[in-house]
Amino acid sequence: MSSGLIGKKVGMTSVFDDQGNNIACTVIEAGPNVVTQVKTEDGPDGYDAVQLAFDSKKEKNTTKAMQGHFASAGTEPKRAIAEFRDFSHEVERGDEVRVDDLFEEGETVDVVGVSKGKGFQGVVKRHGFSGVGMRTHGQSDQQRHPGSIGASADPSRVFKGTRMGGRMGNSRTKIQNLKVVKVLPDHGAILIQGSVPGAKNSYVEIHKKKLHEK
């Protein structure tokens, strides 16, 4: 992972580009983030990272340990905390990092979030089985069922990883190479084109693409 920010999905909007195309965008409120800890390879942690926190919350809803952690950084308690490796800026504990400090319009980013939970789903929705019209293997009368899953008398068990019904969504998801359409420093927001994981008002991590030296 490279440097980035924590943000919250606010909603969606659309903007027009220079060619007059209407581009659908996700609005992410991503600033300012506060640096609550700086870890170094030479220190007790043994690796380089910057810990950021975002979105204030009430002190009464924060444990004593975390109250002390935030107080040492000179900030109020926050809801979301995340670590970023290879941070592109030199920062110190208590510094604020804003959207225009890291991101520029037109660049590509990776967005990490928890996908929407869809509960217990069958094989047609969860794994894309054909269902009606093209009955699944070994199934004759119930057209959305998985069909045969066994392997006869040998090995006489169901293999691990067999695609079946189960809980779908609600998992950490990374969507790569999304385009930054607009940066709004006055509002601490960023507009991103593409599929951003998570529900409205959920927290996401926006990671800058790591440039590899040739």
Side-chain angles (χ1 to χ4, degrees), residues 1-10 26 28-59 61-117 161 169-180 183 185 188-192 194-199 201-214:
M1 293 295 185
S2 59
S3 60
L5 288 177
I6 308 170
K8 181 167 69 172
K9 289 184 66 173
V10 177
T26 301
I28 300 179
E29 180 188 349
N33 282 201
V34 180
V35 179
T36 51
Q37 190 174 357
V38 178
K39 299 183 178 182
T40 59
E41 187 174 356
D42 299 331
D45 300 294
Y47 64 96
D48 295 324
V50 173
Q51 184 188 90
L52 299 180
F54 173 68
D55 200 10
S56 300
K57 70 173 181 178
K58 294 180 179 179
E59 190 172 295
N61 296 330
T62 309
T63 63
K64 290 290 186 180
M66 292 307 296
Q67 286 181 26
H69 182 67
F70 291 121
S72 64
T75 184
E76 55 190 359
K78 304 291 184 181
R79 294 184 181 276
I81 298 177
E83 282 188 5
F84 294 86
R85 300 281 191 100
D86 302 321
F87 212 76
S88 59
H89 289 61
E90 290 291 335
V91 293
E92 296 181 356
R93 203 172 198 181
D95 288 352
E96 288 189 346
V97 185
R98 304 179 183 276
V99 287
D100 53 330
D101 294 333
L102 291 182
F103 301 109
E104 298 177 355
E105 296 180 6
E107 72 173 308
T108 56
V109 295
D110 297 340
V111 180
V112 180
V114 178
S115 61
K116 290 183 179 180
N170 194 35
S171 59
R172 183 177 170 88
T173 305
K174 177 197 279 190
I175 305 297
Q176 295 181 307
N177 301 324
L178 301 180
K179 182 180 178 181
V180 176
V183 176
I190 183 172
L191 306 186
I192 294 180
S195 178
V196 175
N201 293 324
S202 63
Y203 295 103
V204 296
E205 300 170 15
I206 311 170
H207 293 269
K208 287 182 69 71
K209 299 296 290 185
K210 188 174 181 179
L211 299 178
H212 296 279
E213 296 182 359
K214 293 183 179 180

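This is a predicted model, so every value here is computed, not measured.
- Counting only distance, with no hydrogens or angles, the side chain of K8 and the backbone of D55 share no donor-acceptor pair below 3.5 Å.
- Using a 4.5 Å cut-off on side-chain heavy atoms (C-beta onward), R172 and V112 make contact.
- Below 30°, between 30° and 60°, or above 60°: for F54 and Y203 the angle between ring planes is above 60°, a perpendicular geometry.
- Of all non-hydrogen atoms in G113 and P197, the two that sit nearest each other are N-CG, 3.7 Å.
- Residues K78 and K57 come closest through the heavy atom pair O-CE, 3.6 Å.
- In this structure the side chain of V35 reaches within 4.5 angstrom of the side chain of L52, judged on heavy atoms.
- Interatomic distance, D100 CG to I190 CD1, rounded to the nearest 0.5 Å: 10.0 Å.
- Between the side chains of Q51 and T36, at least one donor N or O lies within less than 3.5 Å of an accepting N or O.
- The existence of a salt bridge linking K209 and D110 is confirmed by a sub-4.0 Å separation between a basic side-chain nitrogen and an acidic carboxylate oxygen.
- S72 is listed as a side-chain neighbour of R93, based on a closest heavy-atom distance under 4.5 Å.
- Counting heavy atoms from C-beta on, the side chains of D45 and T40 never come closer than 4.5 Å.
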Inset, instruction - For H207 and K174, run side chain to side chain contact (heavy atoms under 4.5 Å, CB included): C-alpha distance rounded to whole Å, both residues' side-chain angles, the deciding distance at 0.1 Å, then the answer. - result: CA-CA 10 Å; H207 293 269; K174 177 197 279 190; 5.8 Å; no
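- The main-chain N or O of F70 is never found under 3.5 Å from a side-chain atom of T75 such that the two would form a donor-acceptor pair.
- Counting heavy atoms from C-beta on, the side chains of F103 and L5 come closer than 4.5 Å.
- For the pair I81/M66, a side-chain contact is recorded, criterion being any heavy-atom separation below 4.5 Å from C-beta on.
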